[in-house]
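In what follows, chains carry the letters A, B, and so on, assigned in the order in which the sequence lines appear, proteins first and then strands, with residues in each chain numbered from 1.
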There are 2 protein chains.
Amino acid sequence: MQSYTEENYLKTIYHLAEKTINVQTNAIAEQMQTKPASVTDMIKKLADKGLIDYIKYQGVTLTETGKNTAIDIVRKHRLWEVFLVDKLNFKWDEVHDVAEELEHIKSIELIERLDEFLGFPKADPHGDPIPDKNGRFAKTQFIKLIELKVGDSGTITGVSQHSSAFLKHLEKLGLTLGKQIQVSDVTDFDGSVEIQVSDKQVNISREVAKHILISSNGKN
Amino acid sequence: MQSYTEENYLKTIYHLAEKTINVQTNAIAEQMQTKPASVTDMIKKLADKGLIDYIKYQGVTLTETGKNTAIDIVRKHRLWEVFLVDKLNFKWDEVHDVAEELEHIKSIELIERLDEFLGFPKADPHGDPIPDKNGRFAKTQFIKLIELKVGDSGTITGVSQHSSAFLKHLEKLGLTLGKQIQVSDVTDFDGSVEIQVSDKQVNISREVAKHILISSNGKN
DNA sequence: AATAATTTTTAGATTTACCTAAAAATAAAA
DNA sequence: TTTTATTTTTAGGTAAATCTAAAAATTATT
Ligand SMILES: [Mn+2]
Ligand SMILES: [Mn+2]
Ligand SMILES: [Mn+2]
Ligand SMILES: [Mn+2]
């Protein structure tokens, strides 16, 4: 059994490992909003428990057990987010903090039944895949909107930034999950992208375009 | 902001205060499954925070703030229990431990929306009243089944024992909330009570009869 | 390769919630 | 009203998760 804190560390390491193979102390500290010294302490404990592999000064990687535990927490987080949005009418920018707490409730029965109650959803409100009870999920093939060329089209199926400010911005522009878009222009001056959504033209900055994930349905 | 542990202490003191005016250290220790010395430590902290009034060796009482906090936790506990039973199909004997964790999730928005989602229920799966968002609830007038005389009838509207063993036993006998009952006999030998429920005769021990709460609808 | 900058780890403390064992206060019995 | 039993509190300690400041290791730059 892991503590609330250990679970948060495992989840953080799991997410960081999606970007870099070896996860560094400083990266964990930044993500967890804590000090590198504290991270080192926790890293030792997790290594002792066999949840991570750790070589001094070389960063960490999750063991099989560690990875499974992390995925289980991610599963809970995302299922709770679906619950909050689908059943309690939260907006997609309001769910993160509450899910951050709910993900630590430890009943297995609870999460199985919640999954069923929600109709075994495959993705959370931000388009992130929900692992099934065995920890399996399809690694979705996304393209960043910024990578599309003029004329390319596709469907918004995810975001790689979960801040409330960003999500509210997208909402205001009508750029929500499932929306069909087409790139109509890329501005020379600042690289901002002009896109067609639901018969409207909207202009988004490069920064925004970087964090919108598209499942491409045809290049031209 | 209180810690998980402080909240559990407040809730325990609140429940004990329903029976005795001054709540004693030992009683808290027993309920919390901890040692009297630990209770004294916590009592001092809660008194410093203005959540309880405390005179050394004389036990404690909740302050207004302390009571409100406790009621809020009780509200969350009972709403989550309703959610588990009504929406996730848990049995009434399976919900306590999970609710014990869920009651500490601290979003106010969450609990308001959950309340609405559940249709503003007035009672939890064990018949206990659910305080509204202002902490108000009707003090229900229950009579213990054991206090009924032969011929008296009423409706099962609560239980004063939440153990899984007890609740499963009631379920097996068909003695669930809302059921109409009538006392047909009280055995001289062991004081066990014979009652009429849904055209069946069942015999229950004094111990069981003590923990079934009846809203009486007529003596004879 | 030597020096400087960065990253990571150790050392030593703090806070929270516990614990055991012993002392002090209160309540009950003789 | 002593004596005895019970309850409660203090004293002193442990374990988890954090911190700051300083030392050690690694990486980057001259
Ligand atoms: Mn989230
Ligand atoms: Mn999400
Ligand atoms: Mn309960
Ligand atoms: Mn209940």
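By the ring pair (Phe, Tyr, Trp, His ring centres under 6.0 Å) test, B:Y9 pairs with no residue at all, sequence neighbours left out. Residues satisfying the ring pair (Phe, Tyr, Trp, His ring centres under 6.0 Å) criterion with A:Y4, sequence neighbours excluded, are A:H104. Here A:F120 pairs with nothing under the ring pair (Phe, Tyr, Trp, His ring centres under 6.0 Å) rule; sequence neighbours left out. With sequence neighbours left out, the salt bridge (Lys or Arg N to Asp or Glu O under 4.0 Å) criterion links A:D128 to no other residue.
A:Q24 has its CD atom 14 Å from the C1' atom of D:dA25, to the nearest Å. For the pair B:E30 CD and D:dT7 P, the interatomic distance rounds to 10 Å; values are reported in whole Å. The separation between A:N22 atom CG and D:dT26 atom P is 14 Å, rounded to whole Å.
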Footprint string (nucleotides 9-16 of chain C, 5' to 3'): B base within contact, S backbone only, - free, heavy atoms under 4.0 Å: BB-----S

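The phosphate of C:dC19 has OP1 or OP2 within less than 4.0 Å of a side-chain N or O from B:S38. Close to C:dT6, at under 4.0 Å from its OP1 or OP2, lies no side-chain N or O of A:N26.
Aromatic ring pairs are classed by plane angle as parallel below 30°, tilted from 30° to 60° and perpendicular above 60°; the pair A:H96 and A:H162 is perpendicular.
Pairs of residues two or more places apart, or lying in two chains, that qualify as salt bridge (charged side-chain N to carboxylate O under 4.0 Å, His left out) and include a residue from residues 85-95 of chain A are A:D93-A:K168.
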